[in-house]
There are 2 protein chains.
Amino acid sequence: MATINDVARAAGVSPSTVSYVLSGRRPISAQTRERVQAAIAELGFHPHAGARALASSRTNVLALVVPLRTDVNVPVIMQFATAVVTASRTHNHDVLLLTKDEGTAGLERVAHSTMVDALIVMDVERDDVRLQALRKLKQPSVLIGLPEDPAGIACVDLDFEAAAAQALRHLAWHGHRKIALVGPSPAVYKRGTTYAERFLTGFTDASAALDLETMTHPCEPDREGVRACLADIDAQLPGVTALVVHNEEALRMVLEEVQAGGRRVPADISVVAICPRDVALNMPLPLTSVDIPAHDVGGLAVETAMRLLDGRPIEPVRLLPPTLVERESTARPAG
Amino acid sequence: MATINDVARAAGVSPSTVSYVLSGRRPISAQTRERVQAAIAELGFHPHAGARALASSRTNVLALVVPLRTDVNVPVIMQFATAVVTASRTHNHDVLLLTKDEGTAGLERVAHSTMVDALIVMDVERDDVRLQALRKLKQPSVLIGLPEDPAGIACVDLDFEAAAAQALRHLAWHGHRKIALVGPSPAVYKRGTTYAERFLTGFTDASAALDLETMTHPCEPDREGVRACLADIDAQLPGVTALVVHNEEALRMVLEEVQAGGRRVPADISVVAICPRDVALNMPLPLTSVDIPAHDVGGLAVETAMRLLDGRPIEPVRLLPPTLVERESTARPAG
DNA sequence: TTGAAAGCGCTACCAA
DNA sequence: TTGGTAGCGCTTTCAA
């Protein structure tokens, strides 16, 4: 492998000049720059990442911590991950993939050994034990999610409260008054992933503000759970005309069970889903949905990390406004 | 951050001794080792990854290249990825996540800049343009999949031919004679991901060997595609008593449409799925399935990379034998 | 506009 | 069993 010295020799300049051509950190005459670039191309030179990290204390690598549990929504995680990788590349960074099961130790390991410039952490819980460790690192971190006490750590996420409000406003505008929330599984609430709570809060608040008759119900994403959930809803809120479904795994089964019960969507009952666009589109019926913008959130997380690294100002907590797209699963209530 | 010199001073030894305690590459007296380890713990010392890479030409990082298309089976990809990360950690390696869309350039970038010791590449196509680039790298690579010409590159995958044969043998043993394959979408075949072809070959060969009456049909994983596929099958193979489904996305819809057509599984028609265990278990009915052992394949890919790095012998192409588990979707044909 | 050279923190060779 | 030390390949300060 060619080194910077080889390039320097080939171009008839000093190694530092080659370095400056590469980094652009000082002016170089056009003529010199060209000779250097020609030599770089000629020799197929790529700077040695380790040497660079050692000399500059910059790795150009971001850590991304993903949950590896399979009870989480895998496709959404994958969307976040690819968004983070793609965005990182536009900022000339690579991504080191860590799994949540390594816990605090994993974060400290990569940070202390200077493998990464910053960390992006997914699946953050309300009172996540990793937060205190993150605060002590010399590298900045960005959370995808919102813990109870985000002090000192940047957070980005969808504004789930606003998402719930938007779903209800849409249904209310269509004339619905009796609306039920099919929520995530009890395990999600118990784990303390706050997006579920935030959605619930938004739902309850908006329900009061709009003077609606609503109820909420967690839902185990299997056939039985869905049946039980829908039965409870019918029992507790007879005459319900609309469902807000915040449970991607259960979504398809909810639609099937509603239909199996003899009700048509949207003629007999309207449905608003909270899910990524492509999920909403790949249902038997294109669903009116509030998008989970994994791509935007991932990109914003990277952008935030970059600002932190450059010492540029950031918003400590950035909640993206939701977007509702009306498709074919919502209509005015019958009668 | 503490350096190796700080540790050496604190322990009253030379830096090289600290290094050897860490690497175990030469004998150290128990007494010295303890003093050094105490100093390491005391100072919270973690060796600087870049410095280490520079001095040893070893990064302890593996590159993992994943497809980021969403038309691929996302949960399976995620399973491979987490398996690779988990296995890498047991070998004291981390994983740099690359996306396929960076193509050859991405591979060359991380390899030439010495960011990784080896590369693991998923979603390899029959005549993948990346292969020639991989062969030129100084780092070894391991493919998950099997291209047409794997010369010079290690490959690991499930033995899809054997998987097809096993599915057919199971059904034949139950007494089925008329069996149809619901295959992946045409796009998968067109792209040249060879597992589809290998499965097809195995299916056709085993069909002949077992003297069965079979047909094969690709299947677009949406409602319409599934309906069309099943209709074709009924038209071309009237009296079909069993289905082999090698299309995870379509699986649930196949079951639904079969039922919608008034047939019960397994009373009227048996179904064998080719999919990860958890997918088979999460269907309305636990399915008899040939497992796609993502975890094993990912682990084996890492193991192979490690052997390559240590100069230990490997098998150039390692196809894991399939495992069929009988559950509740197969029975003897009616009548 | 460019060059010289001192490190960055570690590994591994050569000695003892 | 241990120490000394020359690099690994780059960045960046100091000089010119």
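Residue numbering restarts at 1 for every chain, and letters A, B, ... go by the order of the sequence lines. Nothing here was measured: the structure is a model prediction, and the numbers come from that model.
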Chemist: Kindly calculate the angle separating the two end axes of the helix from C/dT1-D/dA16 to C/dA16-D/dT1, each obtained from five base pairs, and round it to 10 degrees.
Modeler: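 Axis angle across the helix from C/dT1-D/dA16 to C/dA16-D/dT1, nearest 10°: 30°.
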Chemist: In whole angstroms, how far is the P atom of D/dT12 from the CD1 atom of A/Ile4?
Modeler: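 Answer to the nearest Å: 11 Å.
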Chemist: Is a donor on one side and an acceptor on the other found under 3.5 Å between the side chain of B/His48 and the backbone of B/Gly50?
Modeler: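 Flag set: sc B/His48 to bb B/Gly50 pair under 3.5 Å.
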Chemist: Roughly, in whole Å, what's the span from CG in B/Asn5 to P in D/dG4?
Modeler: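 Taking atom P of D/dG4 as the reference, CG of B/Asn5 is at 11 Å.
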Chemist: Between the base of D/dG3 and the side chain of B/Thr17, is there a donor-acceptor distance below 3.5 Å?
Modeler: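 By the distance-only test, no, there is no pair.
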Chemist: Atom NE2 of residue position A/His295 - does it have more than 12 heavy atoms of other residues, nucleotides or ligands inside 6.0 Å?
Modeler: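 No, the 6.0 Å shell around NE2 holds no more than 12 heavy atoms from other groups.
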Chemist: Just by distance, no angles: are the side chains of A/Thr32 and A/Ser29 close enough, under 3.5 Å, to form a donor-acceptor pair?
Modeler: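 Their side chains do contain a donor-acceptor pair, which is all the 3.5 Å distance test asks for.
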Chemist: With side-chain hydrogen bond (donor to acceptor under 3.5 Å, both in side chains) as the test, would you mind laying out the steps for A/Ser16 and A/Ser19 before giving the verdict?
Modeler: CA-CA 5 Å; A/Ser16 56; A/Ser19 177; over 6 Å; no
Chemist: Do the side chains of A/Arg130 and A/Glu125 get close enough for a salt bridge, i.e. N-O under 4.0 angstrom?
Modeler: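 Answer for the salt bridge query: no.
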Chemist: Does a salt bridge link A/Asp123 with A/Arg191, judged by any charged N lying under 4.0 Å from a carboxylate O?
Modeler: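 Yes, this pair counts.
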Chemist: For B/Val121, which of B/Val66, B/Ile144, B/Leu134 qualifies under side chain to side chain contact (heavy atoms under 4.5 Å, CB included)?
Modeler: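 In the set B/Val66, B/Ile144, B/Leu134, the residue that makes a side chain to side chain contact (heavy atoms under 4.5 Å, CB included) with B/Val121 is B/Leu134.
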Chemist: Residues from residues 18-36 of chain A sitting under 4.0 Å of DNA chain D, heavy atoms only?
Modeler: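 Under 4.0 Å from DNA chain D: A/Ser19, A/Tyr20, A/Arg25, A/Arg26.
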Chemist: Strictly below 4.0 Å, heavy-atom distances to any atom of DNA chain C: list the hits from residues 42-55 of chain A, or just say none.
Modeler: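 By residue number: A/Leu54, A/Ala55.
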Chemist: Taking atom CZ of B/Arg58 as the centre, does the number of heavy atoms from other residues, nucleotides or ligands within less than 6.0 Å exceed 12?
Modeler: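 Counting neighbours around CZ of B/Arg58, more than 12 heavy atoms of other residues, nucleotides or ligands fall under 6.0 Å, so yes.
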Chemist: Sequence neighbours left out, what passes salt bridge (charged side-chain N to carboxylate O under 4.0 Å, His left out) with B/Arg52? Give chain and number order.
Modeler: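 For B/Arg52, no residue satisfies salt bridge (charged side-chain N to carboxylate O under 4.0 Å, His left out) once neighbours in sequence are set aside.
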Chemist: For A/Met1 and for A/Ser16, locate the closest nucleotide of DNA chain D by heavy-atom distance; then report the residue assigned to the nucleotide nearer the 5' terminus.
Modeler: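 First, find each residue's nearest nucleotide; the 5'-ward one identifies A/Met1.
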Chemist: Quick test of your reading of the model: are B/Glu303 and B/Arg312 salt-bridged, counting only N-O distances below 4.0 Å?
Modeler: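 Judged by the 4.0 Å cut-off on N to carboxylate O distance, B/Glu303 and B/Arg312 do form a salt bridge.
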Chemist: Quick check: are there more than 12 heavy atoms from other residues, nucleotides or ligands sitting under 6.0 Å from CZ of B/Arg89?
Modeler: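 More than 12 within 6.0 Å, yes.
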Chemist: With sequence neighbours excluded, tell me which residues meet salt bridge (charged side-chain N to carboxylate O under 4.0 Å, His left out) with A/Arg33.
Modeler: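 For A/Arg33 there are no salt bridge (charged side-chain N to carboxylate O under 4.0 Å, His left out) partners, ignoring immediate neighbours.
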Chemist: Taking any atom under 4.0 angstrom from a heavy atom of chain A, which nucleotides of DNA chain C are the first and last to qualify, 5' to 3'?
Modeler: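 That gives a stretch of C/dT1 to C/dG9.
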Chemist: I'd like to know if B/Arg307 and B/Asp310 make a salt bridge, using a cut-off of under 4.0 Å between side-chain N and carboxylate O.
Modeler: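 No.
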